[in-house]
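Take a look at the structure below.
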There are 2 protein chains.
Amino acid sequence: MSAPSTAVTSLASADLPMPVPAEEYDRCPVTDVVRLMSDKWSMIVLVLLGRRPHRFNELQRGIDGISHRMLTRTLRGLESSGLVHRRVHATVPPRVEYALTPLGESLLEPLSGLADWAVRNWPEITAARSRVPVS
Amino acid sequence: MSAPSTAVTSLASADLPMPVPAEEYDRCPVTDVVRLMSDKWSMIVLVLLGRRPHRFNELQRGIDGISHRMLTRTLRGLESSGLVHRRVHATVPPRVEYALTPLGESLLEPLSGLADWAVRNWPEITAARSRVPVS
DNA sequence: CGGGATCCCCACCGATACTG
DNA sequence: CAGTATCGGTGGGGATCCCG
């Protein structure tokens, strides 16, 4: 029940009266990684690519409601963070395959820990929200 | 190399040509929990409250740069999801103490798993980003 | 087939001022 | 001390059209 020895973030665990400097949470690795997946589409793209590599339109057909533009932007974002690899086959018509990098695959494991928690506690969260109609 | 048996989200793991219905990721527990912490201040508030309960202004002094208004909104959000408890002492002047609920405390554990990954792989992520100057 | 360019809307967030 | 109200900037995200 006491705090785990492993800090939740990189923040020091001391109980200081000093304010936490802005850089420590502004560029906090944990915050950054959480935000990486918090946009509307990144998570589902990671999940689908976690099963197997996909082509562009294959991904779009696999995700209900995503626009052409947003799939591009989502993939660019994941690619620029090193989670997704983009392989272009110089054929006609062009063929582009997206797959998780080893880094991207390694994210799935800690993510599933959080996922388990989310699924287990989902009823309690939604119940709490329903008690406060609208903030 | 193969997919972990524990699904990252509640999505089924079958390899169907059917698009994933919008509700499955739109109201996905995992996505929701990730977004819960992805705003600018929620994570640092959770961390501070994870150490010990705090009063309102005590929190504000502890977080560099947060405005009065945003601290209120952040706390309301966490409270409405059942992660934070708000105790009002009917004194003059008023005294309000915020603390993690058992639900909030239980989140710290899976979160630290993700935090460890984030800290370990932070260099690789930033390195990848620096290779693509601006998208 | 895969992707860029443009336009527009809206939620997030900061600053400021006011209140019990 | 602990809030709420209002205003405005900014970035995410959808719709649409154009391109190699």
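Below, chains carry the letters A, B, ... as their sequence lines are ordered, and counting in each starts from 1. What you are looking at is a predicted structure, and each value in this text was computed from that prediction instead of being measured.
Rounded to 10 degrees, the angle separating the terminal helix axes of the helix from dC1(C)-dG20(D) to dG20(C)-dC1(D), each built from five base pairs, is 40°.
Applying the salt bridge (Lys or Arg N to Asp or Glu O under 4.0 Å) test to E58(B) and every residue at least two apart in sequence or in another chain returns R52(B). With sequence neighbours excluded, no residue satisfies salt bridge (Lys or Arg N to Asp or Glu O under 4.0 Å) with R55(B).
Side-chain proximity of F56(A) to dG3(D), dA2(D), dG3(C): nearest is dG3(C). Considering only the side chain of N57(A), dG2(C) comes nearest among dG2(C), dT4(D), dA2(D). Residue R86(A) has its side chain nearest to dG3(C) when only dT4(D), dG3(C), dA2(D) are considered.
Remark: side-chain polar atoms of S112(A) are not paired, donor with acceptor, to backbone N or O of A115(A) under 3.5 angstrom. Remark: the backbone N or O of H85(B) is not paired with any side-chain donor or acceptor of T101(B) at under 3.5 angstrom.
Listed by first then second residue, pairs satisfying salt bridge (Lys or Arg N to Asp or Glu O under 4.0 Å) with a partner in residues 32-43 of chain B read R129(A)-D32(B), not counting sequence neighbours. Pairs engaging residues 65-75 of chain B under the salt bridge (Lys or Arg N to Asp or Glu O under 4.0 Å) rule: none recorded [sequence neighbours left out].
Counting heavy atoms from C-beta on, the side chains of I66(A) and L71(A) come closer than 4.5 Å. For the pair R76(A) and T72(A), the minimum side-chain heavy-atom distance is below 4.5 Å.
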Query raised in the report: Which letter, B, S or -, goes with each nucleotide of nucleotides 5-20 of chain D from 5' to 3', with contact meaning a protein heavy atom under 4.0 Å?
Result: BB------BBB----B
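Map P93(A) and T72(A) each onto its nearest nucleotide of DNA chain C; the residue landing nearer the 5' end is P93(A).
Regarding contacts with the backbone of dC1(D), every side-chain N or O of Y98(B) stays at 4.0 angstrom or more from both OP1 and OP2.
At whole-Å resolution of the value, CE in M43(B) and P in dC13(C) are 13 Å apart.
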